[in-house]
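Worksheet: the structure to be examined is printed underneath.
The first residue of the sequence shown is numbered 1, and numbering continues consecutively from there.
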Amino acid sequence: MSISAEAQKLPANGIIDLFALDTTVIGGNDIFRWCNYVNELGTDVIYNAQTYTRFPIDATGFERTGDAKQPRPKLRAANVSGLLGAALKELDDLIGAKLTRIRTFVKYIDAANFAAGNPLADPNVKFGDEVWFVDRKAAENGLIIEFELSSALDLSGVKLPRRKITQNTCPWIYRSPECGYTGGAVAKLDDTLTTDLNEDKCGKRVNSCQIRFGATNPLPFGGFVGVGK
């Protein structure tokens with residue numbers, strides 16, 4: 001066995017890190033799944049029935065401290081195949097792509113990784129998944145690409161809460177998928193009844209919703225009627 005193959009073997013009782021880079025959230029078509037190791041059979045690691053391709057990955061900076069600041073991890077990935085570099089060019093340096101870091105013990109990965117199977121295999125036994133987003137491309141050359149990651153709370157331009165909390169005003173666009181109303185004309189903006197579709201406008205109040213869906217039925221009202229203001 002070569003030294004490189006030996007180095008890629010799974011640590012028998014250790015923790016394994018798996019990475020899934022999802023480009024579909026930014027308009028891409030791929031979810032790249034990577035792992036630094038090969039399994040006992042010398043092939044790509046299988047976890048939760050998904051293949052994690054052996055791929056040189058160096059991920060650092062995930063540790064959290066007590067100063068309330070969000071970590072800014074770095075992910076360095078090999079660029080020797082050019083596949084990742086092509087995705088960068090197509091999708092604006094992958095800014096906003098979602099990276100999920102999965103950590104579990106080797107003894108719990110799928111039975112398909114072992115010649116004799118694995119009676120302990122259980123994809124639900126793992127540390128909590130960590131979700132990060134590509135904030136910027138820090139470096140790129142013919143050998144590696146380095147990304148700086150951020151949490152969902154630390155993305156540029158993102159404000160929380162994403163929706164304003166209002167008591168008796170619905171933010172949904174009338175007849176949109178969120179609203180869900182597809183029937184005929186009902187009422188004007190002031191909730192007076194009408195049969196004219198040109199006059200049919202939602203007043204964005206709970207009463208407006210009840211007129212359309214029924215006073216005793218579940219309502220798709222987008223406001224927060226339980227808040228004080």
Side-chain angles (χ1 to χ4, degrees), residues 18-34 48-50 68 70-73 75 84 86-102 123-124 126 128-137 147-229:
L18 305 160
F19 298 93
L21 182 65
D22 185 358
T23 70
T24 65
V25 299
I26 55 171
N29 299 313
D30 301 304
I31 300 178
F32 299 104
R33 294 183 172 90
W34 298 317
N48 201 13
Q50 298 284 355
Q70 293 291 326
R72 304 280 292 185
L75 178 78
L84 193 55
L88 286 174
K89 292 180 175 63
E90 181 182 351
L91 296 169
D92 191 25
D93 286 345
L94 296 179
I95 305 303
K98 182 173 73 172
L99 180 85
T100 303
R101 181 194 188 203
I102 303 166
N124 296 312
K126 59 179 178 176
D129 290 353
E130 298 180 24
V131 177
W132 304 88
F133 294 87
V134 175
D135 188 59
R136 70 183 184 94
K137 180 184 71 176
F147 299 105
E148 185 172 301
L149 309 175
S150 61
S151 73
L153 297 177
D154 201 26
L155 287 175
S156 298
V158 172
K159 296 181 180 179
L160 295 176
R162 298 295 295 274
R163 286 173 57 195
K164 291 183 178 179
I165 298 176
T166 54
Q167 184 187 53
N168 196 26
T169 302
C170 180
W172 306 144
I173 296 173
Y174 185 38
R175 296 180 181 270
S176 69
E178 293 86 359
C179 166
Y181 184 73
T182 58
V186 179
K188 304 176 185 179
L189 281 174
D190 61 0
D191 292 340
T192 57
L193 300 183
T194 182
T195 57
D196 186 346
L197 275 174
N198 293 321
E199 295 181 340
D200 183 47
K201 309 290 183 182
C202 181
K204 304 291 185 176
R205 295 173 289 272
V206 172
N207 185 62
S208 309
C209 212
Q210 289 174 331
I211 292 172
R212 289 162 175 84
F213 294 94
T216 60
N217 292 326
L219 304 177
F221 185 73
F224 298 82
V225 294
V227 300
K229 296 182 179 179

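Ile211 is listed as a side-chain neighbour of Leu193, based on a closest heavy-atom distance under 4.5 Å. Ile26 has its side chain within reach of Leu94: a pair of non-hydrogen atoms, C-beta onward, lies under 4.5 Å apart. Contact check for Pro220 versus Cys209: side-chain heavy atoms found under the 4.5 Å cut-off.
In terms of heavy atoms, Phe221 sits closest to Cys170 at CE1-CB, 3.5 Å. When all heavy atoms of Cys202 and Leu189 are compared, the pair lying nearest together is O-CD2, 3.2 Å. Nearest heavy atoms, Phe213 versus Cys179: CZ-O, 3.6 Å. Of all heavy-atom pairs between Gly184 and Arg175, the closest is O-NH2, 3.3 Å. Arg212 approaches Lys201 most closely through the heavy-atom pair NH2-O, 3.2 Å. Contact between Asp30 and Thr23 at its shortest, heavy atoms only, is O-OG1, 2.7 Å.
Taking the six-membered ring for Trp and thresholds of 30 and 60 degrees, Tyr174 and Tyr181 have nearly parallel ring planes, at less than 30 degrees apart.
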Walk me through it: do Lys126 and Asp129 pass the test salt bridge (charged side-chain N to carboxylate O under 4.0 Å, His left out)?
-> CA-CA 8 Å; Lys126 59 179 178 176; Asp129 290 353; 3.1 Å; yes
Might you work through the side-chain contact (heavy atoms from CB on, under 4.5 Å) test for Thr195 and Val186, ending with a clear yes or no?
-> CA-CA 6 Å; Thr195 57; Val186 179; over 6 Å; no
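A distance of 10.0 Å separates CD of Glu130 from OG1 of Thr100, quoted to the nearest 0.5 Å. Rounded to the nearest 0.5 angstrom, Phe133 CZ and Ser151 OG are separated by 9.0 Å. The line from CG of Asp93 to CG of Leu88 is 5.5 Å long, rounded to the nearest 0.5 Å. Atom CD1 of Ile102 is separated from atom CG of Asn48 by 8.0 Å, given to the nearest 0.5 angstrom. The distance from the CG atom of Leu75 to the CZ atom of Phe147 is 7.0 Å, given to the nearest 0.5 Å. Between the NZ atom of Lys137 and the CD1 atom of Ile95 there is a distance of 8.5 Å, given to the nearest 0.5 Å.
In terms of the side chain to side chain donor-acceptor pair (under 3.5 Å) criterion, Gln210 has no residue partners (sequence neighbours excluded). With sequence neighbours left out, Asp191 forms a side chain to side chain donor-acceptor pair (under 3.5 Å) with Arg205, Asn207, Ser208. Residues forming a side chain to side chain donor-acceptor pair (under 3.5 Å) with Glu90 (at least two apart in sequence, or on another chain): none.
With Asp135 contributing its side chain and Leu149 its backbone, the two residues share no donor-acceptor pair below 3.5 Å. The closest donor-acceptor contact from the side chain of Asp22 to the backbone of Thr24 lies under 3.5 Å.
Aromatic ring centres of Trp34 and Phe32: separated by under 6.0 Å.
Within a 6.0 Å radius of NZ in Lys98, no more than 12 heavy atoms belonging to other residues, nucleotides or ligands are found.
For the residue pair Thr192 / Asp190, a side-chain donor-acceptor distance below 3.5 Å is found, with atom types taken as modelled.
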